There are 2 protein chains.
Amino acid sequence: MSGETPPGCVCVIDDDAEVLGSIGSLLRSNGFQAALYDTPEAFLLAGVPQTASCLLLDVRLRGENGLDFQERLAARGIAIPVILITGHGDIPMTVRAMRAGALDFLPKPFTEEQMLAAVATAIGVDRQRRGEAAGHAHLRQCYEALTPREREVMGLVVAGLMNKQIAARMTLSEITVKIHRGNMMRKMEAQSLADLVRMAEFLGIRDDSIHRFNI
Amino acid sequence: MSGETPPGCVCVIDDDAEVLGSIGSLLRSNGFQAALYDTPEAFLLAGVPQTASCLLLDVRLRGENGLDFQERLAARGIAIPVILITGHGDIPMTVRAMRAGALDFLPKPFTEEQMLAAVATAIGVDRQRRGEAAGHAHLRQCYEALTPREREVMGLVVAGLMNKQIAARMTLSEITVKIHRGNMMRKMEAQSLADLVRMAEFLGIRDDSIHRFNI
DNA sequence: CGCGATATCATACGCAGGTTTCGGTCTGGC
DNA sequence: GCCAGACCGAAACCTGCGTATGATATCGCG
């Protein structure tokens with residue numbers, strides 16, 4: 001059922017060594033890689049795998065509550081998909097986990113099929129996310145290659161100002177604005193103004209000094 | 001705790017007349033309007049209120065499962081915030097509801113405070129959503145006022161093509177493209193190309209015949 | 001100290017965008 | 001049949017954008 005998916009790495013955090021081992025075996029015998037940790041800290045030290053992956057996290061842990069840990073990950077900007085498992089779950093706990101972005105919440109006892117299906121879905125989500133993130137990384141890299149002035153010009157360009165207005169606002173000559181603008185477009189690898197606006201939209205670049213009526 | 005919020009309307013669907021009445025009283029005595037229905041169909045017939053509102057929905061209903069009904073609402077594009085309540089909920093049910101976009105899932109018995117807090121949050125979410133929707137409605141209205149040719153031009157403009165290229169693609173003269181383009185910008189009330197791109201992004205306008213490398 | 005990166009500005013040229021004015025065809029509704 | 005509106009186009013004109021060429025100034029690093 002899950003053998004045809006390209007391999008992915010499942011990080012399992014559970015303080016019960018026996019459970020950890022059996023989940024690991026099950027995953028490996030179904031074509032997944034498995035990284036096993038008995039504490040959240042061990043997982044953080046090892047770092048998130050480079051390949052498509054997901055996190056299989058027990059709610060009840062020795063040091064820290066699994067839900068707290070999940071929220072700590074989100075706060076740190078670690079976007080790995082999370083599946084929570086628990087032996088003593090209740091509905092408020094589930095609501096909290098799902099609100100925090102958990103992909104699934106599996107109460108014990110669960111079948112092997114249930115877990116494998118959840119893991120396969122999560123790995124798929126992560127694969128897609130990573131694909132998108134690759135593009136974003138390049139975009140950010142381009143943006144960070146801009147000089148301060150070029151960034152400033154970019155903000156005003158995507159705000160819809162003309163070169164003349166940008167020049168006035170920055171107390172520059174129009175020709176200087178044109179030069180910054182040209183260099184900026186080249187560095188951003190934007191083929192058109194429309195392209196640039198979409199990039200800026202994505203990067204969250206927005207000059208708030210300009211009144212904008214929509215969006 | 002919730003008296004200072006502007007009034008909102010809570011639609012309650014529950015097939016137990018007694019429960020329905022007591023929830024209605026509680027809501028009204030806390031400053032909310034309450035619209036009470038004993039079946040999903042009755043709610044659909046009445047329609048979603050014009051003001052900020054939310055839906056308080058029992059999972060177990062006579063005709064239809066509350067979760068199914070929630071998904072049916074989403075499929076119909078009815079975006080009212082949903083709070084589910086149930087006497088016999090379990091974790092898989094909660095997962096399903098939250099995935100389908102429920103704002104909260106309250107297992108009975110719950111306190112008055114819990115329910116009022118959930119309702120107040122949901123009403124707030126709906127108020128925000130309605131505020132945004134108002135702007136979107138105007139945007140759609142503008143777009144629908146465009147003639148087919150103007151729409152076509154708009155798609156190619158936001159794809160980053162020059163008037164010359166648009167003319168070639170539409171087998172038109174460049175001057176005609178300029179006229180369509182000018183009319184389109186006026187009808188869309190776009191002050192700049194950047195504006196137009198953002199509007200198009202929002203409306204989901206995209207000419208897929210053009211290869212786009214990002215986003 | 002020289003080098004490179006950044007920033008600034010001027011002149012000039014060519015191309016792109018946008019409007020106005022004028023002209024025409026075609027279709028659908030009153 | 002007439003009018004409105006969509007659609008198409010040409011000539012003229014103005015503005016905006018982009019680049020090339022050339023020049024100056026500052027700053028930090030090796």
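All of these numbers come straight from a predicted model, not from anything done at the bench. Naming convention: chains lettered A, B, ... in sequence-line order (proteins, then strands); numbering from 1 in each chain. Just so you know, these numbers use all the heavy atoms, side chains as well, and skip hydrogens, waters and symmetry mates.
- Atom CZ of B/Arg130 sits in a crowded spot, with more than 12 heavy atoms from other residues, nucleotides or ligands closer than 6.0 Å.
- Rounded to whole Å, atom C1' of D/dA6 lies 10 Å from atom CG of B/Asn183.
- Here the rule is side chain to side chain donor-acceptor pair (under 3.5 Å) with B/Glu150, and of B/Arg186, B/Lys187, B/Arg181 only B/Lys187 fits it.
- Toward the 5′ end of DNA chain C lies the nearest nucleotide of A/Lys187, the other residue of the pair A/Lys187 and A/Ser173 mapping further downstream.
- Taking the side chain as every heavy atom from C-beta outward, A/Tyr37 and A/Val12 never approach each other to under 4.5 Å.
- Dashed line: the shortest gap from a side-chain N or O of B/His180 to OP1 or OP2 of D/dC8 is under 4.0 Å.
- Rounded to whole angstrom, the span from the CE atom of B/Met170 across to the P atom of D/dA6 amounts to 15 Å.
- In the set C/dA7, D/dA10, C/dA16, the nucleotide with an atom closest to the side chain of B/Ile179 is D/dA10.
- Phosphate contact (OP1/OP2 of C/dG17, side-chain N/O of B/Asn163, threshold under 4.0 Å): present.
- The nearest whole Å value for the distance from the CE atom in A/Met184 to the C1' atom in D/dC17 is 12 Å.
- As a whole-Å value, the separation of B/Leu172 CG from C/dT25 P is 18 Å.
- For B/Lys178 and C/dT19, the shortest distance from a side-chain N or O to OP1 or OP2 is not below 4.0 Å.
- Separating the CD1 atom of B/Ile175 from the C1' atom of C/dC22 is a distance of 12 Å, rounded to the nearest angstrom.
- B/Phe69 and B/Phe43 have perpendicular rings, their planes meeting at more than 60° on a 0 to 90° scale where under 30° would count as parallel.
- Atom-to-atom, CD of B/Glu174 to P of C/dG18 comes out at 11 Å; the value is rounded to the nearest Å.
- Between A/Ala52 and A/Arg127, the shortest heavy-atom distance links the atoms CB-NH2, 3.8 Å.
- When each of C/dT20, C/dG17, D/dC17 is scored by its nearest atom to the side-chain atoms of A/Met162, the top-ranked nucleotide is D/dC17.
- Between C/dT8 and A/Arg149, a contact under 4.0 Å exists linking OP1 or OP2 to a side-chain N or O.
- In this structure, A/Thr176 does not reach the C/dT8 phosphate: none of its side-chain N or O atoms is under 4.0 Å from OP1 or OP2.
- Rounded to an integer number of Å, the gap from B/Leu193 CG to C/dA16 P is 16 Å.
- B/Leu146 has its CG atom 13 Å from the C1' atom of D/dA6, to the nearest Å.
- Phosphate proximity of C/dA7 to A/Thr147: present, with a side-chain N or O under 4.0 Å from OP1 or OP2.
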